[in-house]
Chemist: 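Here's a structure for you.
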Amino acid sequence: MPELPEAETIVRSLRPRLAGRRVLSVRLLSARVSRDRPERIAGQTVRDVRRHGKRVWLAFDTGGLLVKLGMTGRLLADHPPGPYTRARIELDGMTLNFDDIRQFGSLQLLDAEPAGMGPDPLEISAEEFAARLRGRDTQLKRLLLDQTFVRGIGNIYADEALFRAGIHPLARTRRLGKDRALRLHRVLIELLELAIRHRGSSISDYVDAAGERGGFQSLHQVYGREGEPCPACGAPIRRIVAAQRGTHFCARCQRR
DNA sequence: CTTAATGTTCCCCA
DNA sequence: TTGGGGAACATTAA
């Protein structure tokens, strides 16, 4: 459910509300939500809320809680528990729910902030982006979904970015000129920042910490628009499967 | 009844 | 070692 803009939207609303609050209790309502006893953070104070790619990091004095939202995960502030509430964190003055219909999400208790993924696409320089791309040999769609290349891009923003960059999703990294690599980097930043300004995309499940839907889905140009006319040229948007994911693009604007 | 869904991970093969 | 396919995970909606 969440990609970088959605996780960023959640983090921005949660940070001022959570920072400085002490955890009173953590209750798990599903055995599958976590394997490492997040109840152990009880008594600790939230020092910061940060985004790591498409994940949410709740930093405590020692270590923190990494929230993977999976496909349908939600972090909800001061909401009553529902049938899909998988964990409930009671803090000094508020509660935080982790709801997750499909249960692909999880809570991980870590000693330190996670590492090992690719750089954040909003922070990497154009030169570094192009250099990293040059070292790979794969399809562009697959590359963007690979969290070890850059972290935070998922199926929606991969398709939208490739459309904006005029790159076919099956195009090979090897055959992409540097100019087009630089263009991809630029449109990625523009796209992600615009999506953040619109508070993310709500296709089916995503809502922010207040339970509000995002607004960027109405500005999607190809994602979920199979058969509709391309906003640039009018040709019908096509859907194929790439990297095992539904992939939307304009065959006229995104040549191979 | 079948398929697909904002994701990740593991296993197998080239 | 890298890349790619497929299955699995759990649940809903079209």
Side-chain angles (χ1 to χ4, degrees), chain A residues 1-11 29-35 51-56 66-75 82-87 98-108 114 116-118 121 132-163 169-175 188 191-192 194-196 198-209 212-227 238-248:
Chain A
M1 119 207 211
E3 301 182 33
L4 186 154
E6 292 75 38
E8 181 65 25
T9 302
I10 291 170
V11 163
L29 295 108
S30 163
R32 118 177 359 260
V33 68
S34 185
R35 319 171 59 171
R51 178 181 61 76
H52 266 254
K54 52 180 79 163
R55 303 165 179 186
V56 177
L66 183 66
V67 182
K68 297 181 174 181
L69 294 159
M71 288 283 244
T72 56
R74 295 175 165 180
L75 277 176
Y84 305 114
T85 301
R86 310 300 184 184
F98 177 62
D99 286 24
D100 187 12
I101 293 177
R102 289 174 71 181
Q103 302 195 88
F104 289 173
S106 66
L107 304 179
Q108 273 181 271
M117 280 189 297
R132 288 178 66 82
L133 191 147
R134 218 175 301 130
R136 304 290 295 261
D137 177 22
T138 188
Q139 300 167 347
L140 263 293
K141 168 81 182 230
R142 182 180 291 275
L143 182 80
L144 291 181
L145 292 178
D146 184 347
Q147 304 298 298
T148 68
F149 175 65
V150 287
R151 58 167 118 115
I153 298 167
N155 209 31
I156 294 176
Y157 297 103
D159 283 4
E160 292 296 315
L162 290 173
F163 173 75
L170 299 181
R172 305 293 302 195
T173 51
R174 280 284 168 75
R175 301 196 48 209
L188 261 179
L191 169 69
L192 296 172
L194 182 63
I196 290 168
H198 287 268
R199 307 180 55 80
S201 302
S202 289
I203 299 297
S204 58
D205 294 282
Y206 169 71
V207 292
D208 67 15
E212 302 278 344
R213 288 167 57 83
F216 193 64
Q217 64 280 358
S218 63
L219 296 177
H220 291 172
Q221 297 182 292
V222 290
Y223 184 85
R225 299 200 177 287
E226 182 185 11
R238 293 187 48 199
R239 180 187 179 281
I240 59 174
V241 174
Q244 270 110 252
R245 308 297 300 277
T247 296
H248 314 75

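Just the heavy atoms: all of them, side chains too, but no hydrogens, waters or symmetry mates, feed the values below. In what follows, chains carry the letters A, B, and so on, assigned in the order in which the sequence lines appear, proteins first and then strands, with residues in each chain numbered from 1.
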Chemist: Rounded to the nearest angstrom, tell me the gap between atom CG in A:Asp137 and atom P in B:dA14.
Modeler: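 Taking CG of A:Asp137 and P of B:dA14, I get 19 Å after rounding.
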Chemist: Could you tell me how far apart A:Leu170 (CG) and C:dG4 (P) are, to the nearest whole angstrom?
Modeler: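 Atom CG in A:Leu170 sits about 11 Å away from atom P in C:dG4.
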Chemist: Strictly below 4.0 Å: does A:Arg174 bring a side-chain N or O up to OP1 or OP2 of C:dG3?
Modeler: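 The answer is no; no side-chain N or O of A:Arg174 sits under 4.0 Å from OP1 or OP2.
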Chemist: If only side-chain N and O atoms of A:Tyr84 are considered, is one of them under 4.0 Å from the OP1 or OP2 phosphate oxygen of C:dA10?
Modeler: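 Checking C:dA10 against A:Tyr84, no side-chain N or O comes under 4.0 Å of OP1 or OP2.
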Chemist: Does the side-chain ring of A:Phe104 sit on the six-membered ring of the B:dT8 base, less than 5.5 Å centre to centre and under 30° in tilt?
Modeler: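 Stacking between A:Phe104 and B:dT8: absent.
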Chemist: Send over the distance from A:Leu66 CG to B:dG7 C1', rounded to a whole Å.
Modeler: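 So the two atoms are 14 Å apart, to the nearest Å.
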Chemist: Round to the nearest Å and state the distance from A:Leu4 atom CG to B:dG7 atom C1'.
Modeler: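 For the pair A:Leu4 CG and B:dG7 C1', the rounded distance is 15 Å.
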Chemist: Can you tell me which nucleotide in B:dA4, B:dT8, C:dG5 comes closest to the side chain of A:Gln244?
Modeler: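 Output: C:dG5.
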Chemist: Does any N or O in the side chain of A:Thr173 come within less than 3.5 Å of the main-chain N or O of A:Thr138, such that one atom is a donor and the other an acceptor?
Modeler: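 A pair under 3.5 Å: yes.
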Chemist: So does A:Asp208 get a backbone contact from the side chain of A:Thr9, meaning a donor-acceptor N/O pair under 3.5 Å?
Modeler: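 Looks like no, no N/O pair under 3.5 Å.
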Chemist: Would one find a side-chain N or O of A:Thr138 under 4.0 angstrom from OP1 or OP2 of C:dG4?
Modeler: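 Checking C:dG4 against A:Thr138, a side-chain N or O does come within under 4.0 Å of OP1 or OP2.
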Chemist: With a cut-off of less than 4.0 Å, is there a side-chain N or O of A:Arg142 near OP1 or OP2 of C:dG3?
Modeler: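 Answer no for this pair, as no side-chain N or O of A:Arg142 is under 4.0 Å from OP1 or OP2.
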Chemist: Donor-acceptor check, side chain of A:Arg55 to backbone of A:Leu66, threshold 3.5 angstrom: yes or no?
Modeler: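 Such a contact is absent between A:Arg55 side chain and A:Leu66 backbone.
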Chemist: Think A:Gln139 has a side-chain N or O under 4.0 angstrom from the OP1 or OP2 of C:dG4?
Modeler: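 No.
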Chemist: Before accepting this row, confirm whether a basic side-chain N of the pair A:Asp146/A:Arg136 lies closer than 4.0 Å to the acidic partner's carboxylate O.
Modeler: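 Salt bridge present between A:Asp146 and A:Arg136.
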Chemist: Find the distance A:Asn155:CG to B:dT8:C1' and express it as a whole number of Å.
Modeler: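 My rounded result for the distance is 13 Å.
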Chemist: Pick the P atom in C:dG6 and in B:dT3, then give their distance to the nearest Å.
Modeler: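 Per the computed distance, 15 Å lies between those P atoms.
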Chemist: Do A:Arg132 side-chain atoms and A:Phe149 backbone N/O form a donor-acceptor pair below 3.5 Å?
Modeler: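 It does hold such a pair.
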Chemist: Could you tell me whether A:Asp100 contacts a base, only the sugar-phosphate backbone, or nothing, with contacts defined as non-hydrogen atoms closer than 4.0 Å?
Modeler: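 If one applies the 4.0 Å heavy-atom cut-off, A:Asp100 turns out to touch nothing in the nucleic acid.
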Chemist: Which part of the nucleic acid, if any, lies within reach of A:Tyr157 when heavy atoms closer than 4.0 Å are counted: base, sugar-phosphate only, or nothing?
Modeler: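 Touches nothing.
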Chemist: Does the side chain of A:Arg172 get closer than 4.0 angstrom to OP1 or OP2 of C:dG4 through an N or O atom?
Modeler: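 Yes, A:Arg172 has a side-chain N/O under 4.0 Å of OP1/OP2 on C:dG4.
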Chemist: If we check salt bridge (Lys or Arg N to Asp or Glu O under 4.0 Å) with A:Arg51, which of these qualifies: A:Glu6, A:Glu8, A:Glu3?
Modeler: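 The passing option is A:Glu8.
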Chemist: Considering every strand and a 4.0 Å limit on heavy-atom distances, what is the contact class for A:Ile101: base, sugar-phosphate, or nothing?
Modeler: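 Answer is sugar-phosphate: A:Ile101 comes under 4.0 Å of backbone atoms only.
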Chemist: Whole Å only: how far is the OH atom of A:Tyr206 from the P atom of B:dG7?
Modeler: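 Interatomic distance, OH of A:Tyr206 to P of B:dG7: 14 Å.
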Chemist: Phosphate oxygens OP1/OP2 of C:dA10: is one of them under 4.0 Å from a side-chain N or O of A:Arg32?
Modeler: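 A:Arg32 to C:dA10 OP1/OP2: side-chain N or O found under 4.0 Å.
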Chemist: Between C:dA7 and B:dT2, how many Å separate the two P atoms, rounded to a whole number?
Modeler: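 16 Å, rounded to whole Å.
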Chemist: Please check the phosphate of C:dT2 (OP1 and OP2 only) for any side-chain N or O of A:Arg136 closer than 4.0 Å.
Modeler: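 Checking C:dT2 against A:Arg136, no side-chain N or O comes under 4.0 Å of OP1 or OP2.
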Chemist: OP1 or OP2 of B:dA5 less than 4.0 angstrom from a side-chain nitrogen or oxygen of A:Arg102, does that happen here?
Modeler: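 Indeed not, no polar side-chain atom of A:Arg102 lies that close.
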Chemist: Please confirm whether the shortest side-chain N or O distance from A:Lys54 to OP1 or OP2 of B:dG7 is below 4.0 Å.
Modeler: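 For B:dG7, OP1/OP2 do have a side-chain N/O of A:Lys54 under 4.0 Å.
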Chemist: Between B:dG7 atom P and A:Asp159 atom CG, what is the distance in whole Å?
Modeler: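 Value for this atom pair: 10 Å.
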Chemist: I need the CZ-P distance between A:Arg245 and C:dA7, as an integer number of Å.
Modeler: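 To the nearest whole Å, that distance equals 16 Å.
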Chemist: Can you tell me the pairing partner of C:dA10 across any strand shown, Watson-Crick or G-U wobble, with both distances under 3.5 angstrom?
Modeler: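 Checking every strand shown, C:dA10 finds no partner, since no pair has both distances under 3.5 Å.
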